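When a residue number appears, it is its place in the shown sequence, counting from 1. What you see is a predicted model, and the numbers here were worked out from it, not measured in a lab.
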Amino acid sequence: MNKIHLILIAIVAVIVIFLASTLVSPILIVCEDTGEDASIDMAATFSLGGLEWIYPGSSFNAEGQTLHNVHINDPDNPYGAAREIMEYTYHFTPFLVVSINNEAAEAIFGGSIVDDIRANDAYNGYAGNDKVPGTMSRGDAIDTAMAQDGMNILQIPLQILLGNISFH
């Protein structure tokens, strides 16, 4: 085999291992608002079943500390605290936490993504409760905002290299 075939096989193997690992434990994706205090404004789990939105204010540990405030409550290990909160509230420990900041979100989904989410959440009827069936939720507000302008997938590797998307 030549080098290109070996590289392609290695890439496919990494993707298969990555997807297989989501069967055991979903990935936690946290959206951090760098304009505030690096708080986690929204989170989602990713598994083979897709994205499931999590509201950080409803996710907490035994001491009552929320996912929203992990940077304030545990500044030395916020992502370890996030894993603990996921285990306490949702009974699983994510093997990987992916952190996305405002700059990455704006580069991938357009410069108005944060404002679009806030508008949907506050003014466009999406301010329902994530736990009440039949009501619109913040997850719906985010889905709608992300779909408005589409996704620039080519920005993802660039944002990883710039440090705007990080893996913990």
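Taking each heavy atom of Met86 and Pro94 in turn, the nearest pair found is CB-CD, 3.8 Å. Ala104 approaches Asn101 most closely through the heavy-atom pair N-OD1, 3.0 Å. The shortest heavy-atom contact between Tyr90 and Ser58 is OH-O, 4.3 Å. When all heavy atoms of Val98 and Ile27 are compared, the pair lying nearest together is CG2-CG2, 3.8 Å. When all heavy atoms of Ala44 and Trp53 are compared, the closest pair comes out as CB-CE3, 3.7 Å. For Phe95 against Arg83, the heavy-atom pair with the smallest separation is O-NH2, 3.7 Å.
Of the possible polar contacts, none joining the Asn69 side chain to the Ile72 backbone as a donor-acceptor pair under 3.5 Å is found. Side-chain atoms of Asn102 never come within 3.5 Å of backbone atoms of Ala105 as a donor-acceptor pair (strictly under, hydrogens ignored). Between the side chain of Ser59 and the backbone N or O of Tyr55, at least one donor-acceptor pair lies under 3.5 Å.
To the nearest 0.5 Å, the span separating CG on Asp41 from CD1 on Ile100 amounts to 13.0 Å. Between the NE2 atom of His68 and the CG atom of Asn73 there is a distance of 10.0 Å, given to the nearest 0.5 Å. Rounding to the nearest 0.5 Å places CG of Leu67 at 11.5 Å from CD of Glu84. Rounding to the nearest 0.5 angstrom, the gap separating the CZ atom in Phe92 from the OG atom in Ser47 is 8.5 Å. Atom CD of residue Gln155 and atom CG of residue Asn164 lie 9.5 Å apart, to the nearest 0.5 angstrom. A distance of 10.0 Å separates CZ in Phe60 from OG1 in Thr66, rounded to the nearest 0.5 Å.
Under the 6.0 Å cut-off for aromatic ring centres, His71 and Tyr79 qualify, their centroids lying closer than that.
A continuous path of hydrophobic side-chain contacts links Phe167 to Ile156 [ILVMFWY only; heavy atoms under 4.5 Å]. Residues Ile142 and Ile153 share a single hydrophobic cluster, defined by chaining ILVMFWY side chains whose heavy atoms lie under 4.5 Å apart. No continuous path of ILVMFWY side-chain contacts below 4.5 Å connects Ile165 to Val14, so the two sit in separate hydrophobic clusters. When hydrophobic clusters are built by joining Ile, Leu, Val, Met, Phe, Trp and Tyr residues whose side-chain heavy atoms come closer than 4.5 Å, directly or via intermediates, Ile113 is not grouped with Leu162. At a threshold of 4.5 Å between side-chain heavy atoms, the hydrophobic network of Ile, Leu, Val, Met, Phe, Trp and Tyr places Ile108 and Leu161 in two separate groups.
Looking only at side-chain heavy atoms (C-beta outward), Val30 and Val97 come within less than 4.5 Å of each other. Two residues are said to be in side-chain contact when any heavy atoms from C-beta on lie closer than 4.5 Å; His168 and Ser99 meet this criterion. At least one side-chain heavy atom of Ile29 sits under 4.5 Å from a side-chain heavy atom of Leu51.
Partners of Ile7 by side-chain contact (heavy atoms from CB on, under 4.5 Å), not counting sequence neighbours, listed by chain and number: Ile11. Scanning for side chain to side chain donor-acceptor pair (under 3.5 Å) contacts around Gln65 gives Asn61, with sequence neighbours left out.
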Residues Asp116, Met146; criterion side-chain contact (heavy atoms from CB on, under 4.5 Å); working and verdict: CA-CA 9 Å; Asp116 292 344; Met146 289 187 326; over 6 Å; no
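Applying the ring pair (Phe, Tyr, Trp, His ring centres under 6.0 Å) definition to pairs two or more places apart or across chains, none involves residues 138-165.
The local environment of CD in Glu52 is sparse, with at most 12 non-hydrogen atoms from other residues, nucleotides or ligands closer than 6.0 Å.
Between the side chains of Thr93 and Glu87, at least one donor N or O lies within less than 3.5 Å of an accepting N or O.
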